[in-house]
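Naming convention: chains lettered A, B, ... in sequence-line order (proteins, then strands); numbering from 1 in each chain.
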Amino acid sequence: MVALRNYIYCDLCRQKYFLMVKGMMVIIIFFLLISITPALAEISVSLETDRTDATLSDTVTLVVRVQGKKGKPPFIMGLDHFQVSNGGSSSRFEMVNGRISSEKKYIFYITPRKKGIFIIGPAEVSHNNKIYKSNTIELKVDDTSPLESPDRNNPLFVTAECSKSHGYVGQIFLYTLKFYRLKSVSNVSVDVPEIDGLSFKKLGDHKEYISTIKEGDYSVIELRYALVADKPGVYKITQAFFKMNVLEKQSRSNRGSFFDDSFFNITRTRPLSIYSNEVDLIVKSLPKEGRTQDFSGLVGRFSIKASLVPEEIKLGESATLTTIISGDGNVRLIPDLKLQELKDIKAYADQPFIDIQRTFNGVSGKKIMKWAIVPQKEGVYTIPAMSITYFNPETGHYVQEKTSPLMLDVMHGNINGIDNGSGQKIAISTYIRPESKVYGEDIFSIHDGYDVLRPDNIDKMGTITLYIIFLFPAFIFFVILGIRYIYGKNIEIETLTAKKTMSVFLKNIKSLKDNAQTDDILKFINIYFSERFNLKGGSLTVSEIYNRLLQQGILQETAQDILDIMTELETMVYTGESTEVNLSFKENLITIIKKIDRKLK
Amino acid sequence: MKDLKAIFCLILFLIPVFYLYPAIANENSPKNGYELLSHANLAYKKGDFKSAKQYYEKLIQSVQTGGDVFYNLGNCYVRLNSPGKAILNYERAKRIMRRNADLEFNLQYVRDKIQAGKDINPRVFFFQWLRNFTRAEIIWSFMIINLLFWAVLILRLWIRVEWSFYLLLSLCFLWLISGTCVLSDWYWMSHDKRAVVINSEILVYAGPSENDTTLFSLAEGTMVKYERKEGDWLLIRMNEEKRGWARTKDVESIVLPENNSVDKNGV
């Protein structure tokens with residue numbers, strides 16, 4: 001324990017320790033999340049196939065997704081008429097915004113043994129004695145085999161087929177192109193035929209799967225188009241053609257050599273175009289019998305539903321009426337419904353919203369229309385039913401779909417009240433007052449004040465004045481700068497000279513020994529004053545120094561002090577009284593000289 | 001020596017005063033200016049818009065006025081049912097009074113009435129923004145900043161403390177910005193090439209002659225930019241695509257001609 005504490009308290013090791021603890025914490029939390037969260041999540045099973053129709057020679061990919069807990073492998077119902085081979089499984093684990101999800105995907109390849117419509121599924125997964133079921137899928141198996149075509153013996157061929165051989169104007173047909181290949185190809189492009197009166201629109205992404213023909217496993221690329229005829233007639237859908245580059249391996253001629261291995265084979269590309277078969281389509285016009293006035297040209301299968309939210313409101317409030325028309329077919333022709341005018345109700349229509357889905361199985365979609373319903377009076381109102389008429393090509397009849405009438409209950413409105421003074425409240429209904437009411441239009445009148453004639457004060461100044469005002473501060477600055485430059489130079493020299501003189505004097509005095517020679521001191525004082533009064537090569541008498549000091553504004557007392565000192569020193573030197581002075585004399589002299597130096601300009 | 005210095009400084013400070021004197025002296029506008037103005041205003045109020053228009057025009061010719069007189073003249077043209085001239089004078093007023101609500105309203109009112117296009121705005125945001133300030137505001141701002149800038153610069157000759165450095169730096173930035181504003185505004189005021197179509201439905205030709213191909217027509221009140229003048233013809237441009245020659249009598253520049261004449265048509 002002591003050892004551990006020592007380890008922790010070691011400065012360098014402490015950081016490592018905290019990093020280690022932090023890392024461990026992160027790992028523990030991570031594993032806790034992995035183990036706990038999926039356990040909390042519910043299991044969900046889904047089933048999907050890569051397509052919903054196939055031929056006896058096709059192989060369909062079936063995928064079962066199990067989300068949530070780990071369970072046993074799924075058991076799939078409805079595969080009695082299929083040959084099933086396992087395609088393996090894969091797991092996925094992801095954490096998005098703190099939410100953890102796991103999924104296991106089981107892949108199976110199923111090949112139909114007989115034609116017909118089969119319900120595949122549900123897939124069942126059992127966990128803790130509970131069985132979770134998936135959705136089911138309808139798979140249509142046809143015996144139409146592409147083997148009848150003359151090109152079918154080729155390693156590359158294309159087939160074209162239409163979902164119906166005959167139909168009606170406005171009906172959506174599915175035009176399917178299948179490109180079978182045994183060879184490797186690149187840069188595949190498709191040219192769809194252009195036929196007057198027919199329009200093609202691609203549906204979803206292409207699909208790829210394997211199809212077995214004459215014991216050859218062909219890779220198939222399937223493309224689907226929505227085909228709509230604008231006018232009746234017998235159409236011959238001409239050939240669609242695929243353009244591609246075929247990759248062909250070219251072996252080396254020297255058999256048995258080292259380079260005969262496939263690794264060294266050269267691959268060449270050869271451009272190739274393949275044509276599909278022609279397809280016949282008979283399109284009839286829509287029958288007149290049974291056609292109503294509200295028919296907008298809708299062909300397919302549609303439904304309509306309406307809702308009113310809320311169904312109870314107070315006077316002054318509004319309710320929303322929503323009508324949704326959805327179905328498969330030429331969705332774009334879903335009409336904008338009109339709400340019948342209702343007494344004491346104002347209805348404000350919203351912009352209709354249309355959503356069109358083009359999937360591999362066809363075109364579907366919905367149109368949403370909304371109205372804001374504002375009743376003007378209390379009571380119970382009936383919102384009448386709305387209807388659409390469409391043509392069902394399967395039955396060959398017109399169908400009218402209707403909504404049910406909706407009831408709206410309008411209760412007593414929100415009333416504000418004010419006291420009339422006797423304790424009773426006077427009811428005041430709230431109402432919307434228009435923001436403004438326009439009575440007329442005119443321009444604003446003329447400006448007739450006395451300041452109208454007064455021009456802008458800037459205009460009054462004139463350009464030259466403005467220049468002067470702009471430049472004047474700069475001018476002043478440069479003038480001051482010039483003055484400072486000219487005068488500042490002399491001042492600077494004088495200041496420097498004064499500083500230098502003082503420092504030389506102090507240096508000389510301090511260089512003398514404690515018992516200094518009087519003549520030296522006198523000499524240094526004379527040098528100082530000569531320099532300070534700018535007397536190059538000249539010297540002053542004691543009385544002259546005294547007078548000059550007084551002229552320079554030095555106090556008489558201070559001037560007298562230096563006069564006394566100098567007189568004393570001269571007496572000592574010239575009379576031979578003493579040749580040395582003591583330390584206190586020197587210090588006194590320095591103090592007086594410093595005082596004088598500070599006062600001198 | 002001290003006296004000399006004092007005299008020198010006094011002269012320095014008096015120089016701008018001498019120059020400012022004419023400006024101050026100009027404060028007294030001519031007496032007949034007020035006379036003309038009162039006549040014009042009276043005529044307008046009586047509903048004699050033609051006479052009012054003439055008085056205002058005479059006023060503009062004789063006296064240096066503010067934007068209000070152009071605004072009043074614009075009003076006269078609205079009453080006289082000349083939307084092109086009205087827009088022209090409102091735009092002239094707008095060059096001086098750039099944020100006047102009455103002016104903005106009346107100008108928009110006329111434009112809406114004849115369904116004329118908008119003003120030709122500068123493409124650069126800075127120049128658009130600058131048009132919100134009057135010339136006086138821009139120049140006064142610069143003058144104050146200029147004065148402060150140089151004052152701080154002078155101050156720093158003696159006091160070199162830290163705050164004065166940052167103050168100088170800030171003022172230097174403001175000085176540059178306001179200086180740019182002054183120069184930009186001066187450039188715009190002196191190089192304003194905008195013009196207004198003052199006659200109804202004018203024809204624009206491919207060359208400065210009626211024999212040239214007729215390119216398009218322009219409605220009264222349309223704002224254009226003129227490029228150059230050849231005789232009685234102006235090369236005008238409405239946008240990148242519409243460009244051609246129009247007669248000078250049909251198009252009038254927003255910038256007043258040198259002789260300050262509003263009667264004279266053309267640029």
By side-chain contact (heavy atoms from CB on, under 4.5 Å), B:Glu104 pairs with (sequence neighbours left out) B:Lys94
Hey, what do you get for CG (A:Leu466) to CD1 (B:Ile139), rounding to the nearest 0.5 Å? 5.5 Å
So what's closer than 4.5 Å to chain A heavy atoms on B:Val69: side chain, backbone, both or neither? both
A:Phe444 backbone acceptor or donor facing B:Asn106 side chain under 3.5 Å: yes
Any residue meeting salt bridge (Lys or Arg N to Asp or Glu O under 4.0 Å) with A:Lys500, in chain and number order, not counting sequence neighbours: none
Can you tell me which portion of B:Asp112 sits under 4.5 Å from chain A's heavy atoms? Options are side chain, backbone, both or neither. neither
Looking at A:Lys202, I'd like to know if its NZ atom is crowded, meaning that more than 12 non-hydrogen atoms belonging to other residues, nucleotides or ligands lie closer than 6.0 Å. yes
Given a strict heavy-atom distance threshold of 4.5 Å, which part of A:Phe478 is in contact with chain B: side chain, backbone, both, or neither? side chain
A:Tyr467, OH: over 12 other non-hydrogen atoms inside 6.0 angstrom: no
With a cut-off of 6.0 Å (strictly less than), are more than 12 heavy atoms of other residues, nucleotides or ligands near CZ of B:Arg99? yes
Could you please state which residues from residues 143-159 of chain B sit under 4.5 angstrom from chain A, measuring non-hydrogen atom to non-hydrogen atom, sorted by number, or 'none'? B:Met143, B:Asn146, B:Leu147, B:Trp150, B:Leu153, B:Ile154, B:Leu157, B:Trp158
Spell out, as yes or no, whether a donor-acceptor pair under 3.5 Å connects the side chain of B:Asp68 to the backbone of A:Asp448. no
Cut-off 3.5 Å, no hydrogens considered: what does the side-chain donor-acceptor table look like for residues 165-173 of chain B, sequence neighbours left out?
residue  : atom : partner  : partner atom : Å
B:Ser170 : OG   : B:Tyr166 : O            : 2.8

State whether the number of non-hydrogen atoms from other residues, nucleotides or ligands found under 6.0 Å of A:Gln556 atom CD is greater than 12. no
Residue pair B:Tyr71 / A:Ser445: nearest heavy atoms and the distance that separates them: OH-O, 2.7 Å
Among B:Lys113, B:Lys45, B:Arg79, which residue forms the greatest number of heavy-atom pairs with chain A at distances under 4.5 Å? B:Arg79
Check whether more than 12 heavy atoms from other residues, nucleotides or ligands sit under 6.0 Å from atom CG of A:Asp442, and answer yes or no. yes
Go through the side-chain N and O atoms of B:Asp102 and A:His447 and say whether any donor and acceptor fall under 3.5 Å apart. yes
Measuring heavy-atom distances to chain A, does B:Leu103 have an atom under 4.5 Å in its side chain, in its backbone, in both, or in neither? neither
Applying side chain to side chain contact (heavy atoms under 4.5 Å, CB included) to B:Tyr56 and A:Ile446, what does each step give before you reach the verdict? CA-CA 11 Å; B:Tyr56 285 129; A:Ile446 53 165; 3.4 Å; yes
